[in-house]
Amino acid sequence: MAICACGSGNQYKECCEKYITGIENAPTAELLMRSRYTAFTNGNIDYLFETHHESTQESLDRSEVEAWSRDSQWEGLTIKNIENGQTNDTSGSVEFIAEFRIGGVLQKHHENASFKKEEDGKWYFHDGKTENQPFARSGVKVGRNDPCICGSGKKFKKCCG
């Protein structure tokens with residue numbers, strides 16, 4: 001049995017599968033968030049659309065969602081904060097970081113997602129606010145007139161720059 005991609009540590013069959021297949025509805029905003037992440041990892045685009053609140057669905061581009069799901073190597077989900085979104089609530093938010101690789105480059109999607117529970121008792125993703133993280137250079141800055149980092153002896157601007 002496979003461990004669920006959502007980061008719960010549980011088996012997929014006992015975790016997000018029941019929500020993604022429609023056997024059960026996610027009882028909390030957090031569990032809906034986790035199951036939506038898992039749907040991204042396994043390419044279940046229909047579930048992503050079905051659990052996206054109809055009032056904000058027009059902002060979705062199916063081909064973009066499919067491409068992101070398909071072209072990414074999903075690395076993990078970290079839940080940072082949860083506000084409300086429990087079984088007796090009608091709204092809630094989940095702050096999370098989804099890590100993935102595209103073209104071998106590690107990316108982090110940091111978002112504060114809002115969820116609403118409708119009268120039918122189902123939770124829906126409503127919208128999300130991306131949390132901006134400052135860019136930090138990991139290496140030494142090479143100037144245009146510095147020797148090239150490849151060791152050719154040429155100036156960086158005439159070689160690899």
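Fair warning: this is a prediction, and the values are worked out from it, not measured in the lab.
- In this structure, E95 has no salt bridge (Lys or Arg N to Asp or Glu O under 4.0 Å) partners at least two apart in sequence or on a different chain.
- Taking OG1 of T28 as the reference point, atom CD1 of I82 lies at 7.5 Å (rounded to 0.5 Å).
- Put simply, OH on Y12 and NZ on K18 are 11.5 Å apart, with the number rounded to the nearest 0.5 Å.
- A 4.5 Å side-chain heavy-atom check between V65 and F40 finds at least one atom pair inside the cut-off.
- In this structure, the separation between CD on Q86 and CG on L31 is 8.5 Å, given to the nearest 0.5 Å.
- With sequence neighbours excluded, the residues forming a salt bridge (Lys or Arg N to Asp or Glu O under 4.0 Å) with R101 are E75, listed by chain and number.
- In this structure the side chain of H110 never reaches within 4.5 angstrom of the side chain of T130, judged on heavy atoms.
- Among pairs with a residue in residues 111-130, none fulfils salt bridge (charged side-chain N to carboxylate O under 4.0 Å, His left out), at least two apart in sequence or across chains.
- Checked against salt bridge (Lys or Arg N to Asp or Glu O under 4.0 Å), E24 has no partners two or more places apart in sequence or in another chain.
- For the atom pair OG (S35) and CZ (F125), the distance works out to 12.5 Å, reported to the nearest 0.5 Å.
- Nearest heavy-atom pair across A5 and Y37 is O-CE2, 3.2 Å.
- To the nearest 0.5 Å, atoms CZ (R36) and OG1 (T41) are separated by 13.0 Å.
- Remark: the S55 side chain and the H126 side chain contain an N/O donor-acceptor pair separated by less than 3.5 Å.
- The distance from atom OG1 of T51 to atom OH of Y124, rounded to the nearest 0.5 Å, is 9.0 Å.
- Among residues two or more places apart in sequence or in another chain, the side chain to side chain contact (heavy atoms under 4.5 Å, CB included) test is passed with S72 by W68, W74, F100, I102.
- Applying the salt bridge (charged side-chain N to carboxylate O under 4.0 Å, His left out) test to residues at least two apart or on different chains, the pairs with a partner in residues 41-60 are D46-R62.
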